[in-house]
> 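Dumping the structure here so I can ask a few things about it.
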Amino acid sequence: MDTSYPREDYLPAPSQKREPSPTILAIGTSPLPRDHLIWSVFNTIYMNFCCLGFVALAFSVKARDRKVAGDVEAARRFSSKARCYNALATAGSVVLPLLLAALVITGVIHLSKLAQESVGFFTYQFSGSDDEDK
């Protein structure tokens, strides 16, 4: 019986030194896409023209979910769609009231000119009836 210590089968295995893995810095990578969530919420609450603000909000939430999940390409696509719908909703909500105001103003101007021209017709006095009786 061999009682010599330390026994070879109980010796710790010699540690193998690992070489440090190289650090890779990705220079020039594009930043994460914006999700336009605040713009979408604003369009949904205040300027919901033809429900485009709600559609933009849906795409903004999808873009944020994809960005959190790490799918940058899908996040970029949804972000682009959200930006387009937000732009359409904002433009529609700003341009259409301005167009409506312009139409009302031109209508009022036209009606005032028409009323001024027809004042003579409504103020015509039929004083000639006394002359016809004679």
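Note that this is a predicted model, so its numbers are computed, not measured. Position 1 is the first residue of the sequence; numbering continues from there.
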> Consider only side-chain heavy atoms of I, L, V, M, F, W and Y, link residues closer than 4.5 Å, and tell whether Leu52 and Leu100 are in one cluster.
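Different hydrophobic clusters.
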> Which atom pair, heavy atoms only, marks the closest approach of Ser40 to Ala56?
OG-O, 3.3 Å
> Taking ring pair (Phe, Tyr, Trp, His ring centres under 6.0 Å) as the definition, give me every residue that meets it alongside Phe54, ordered by chain and number, with sequence neighbours left out.
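None.
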> Check step by step if side-chain contact (heavy atoms from CB on, under 4.5 Å) holds for Val61 and Asp65.
CA-CA 6 Å; Val61 170; Asp65 288 345; 3.9 Å; yes
> Under the rule for side-chain hydrogen bond (donor to acceptor under 3.5 Å, both in side chains), what residues qualify as partners of Arg76, not counting sequence neighbours?
Ser30
> Quick one: does any side-chain atom of Asn48 pair with a main-chain N or O of Gly53 as donor and acceptor, under 3.5 Å?
yes
> Could you measure the distance from the CZ atom of Arg34 to the OG atom of Ser60? Nearest 0.5 Å is fine.
10.5 Å
> Has Asn43 got a side-chain atom pairing as donor or acceptor with Asn86's backbone, closer than 3.5 angstrom?
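At least one qualifying donor-acceptor pair exists.
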> What pair of heavy atoms forms the shortest contact from Arg66 to Ala74, and how long is it?
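Shortest heavy-atom separation between Arg66 and Ala74 comes out as CD-CB, 3.8 Å.
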> Could you measure the distance from the CZ atom of Phe59 to the SG atom of Cys84? Nearest 0.5 Å is fine.
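Reported to 0.5 Å precision, the distance equals 10.0 Å.
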> Got a list of side-chain donor-acceptor pairs under 3.5 Å for residues 101-111, not counting sequence neighbours?
{"from": "Thr106", "atom 1": "OG1", "to": "Ala102", "atom 2": "O", "distance (Å)": "3.0"}
{"from": "Thr106", "atom 1": "OG1", "to": "Leu103", "atom 2": "O", "distance (Å)": "3.0"}

> Ile38 and Phe42: side-chain contact (heavy atoms from CB on, under 4.5 Å), yes or no, with the steps?
CA-CA 6 Å; Ile38 295 175; Phe42 179 77; 5.6 Å; no
> Would Thr90 and Trp39 count as a side chain to side chain donor-acceptor pair (under 3.5 Å) if you check the C-alpha gap in whole Å, the side-chain angles of each, and the deciding distance to 0.1 Å?
CA-CA 9 Å; Thr90 302; Trp39 190 13; 3.2 Å; yes
> Tell me whether Tyr85 at atom OH has more than 12 heavy atoms from other residues, nucleotides or ligands lying less than 6.0 Å away.
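Atom OH in Tyr85 is not packed in, count stays at 12 or less.
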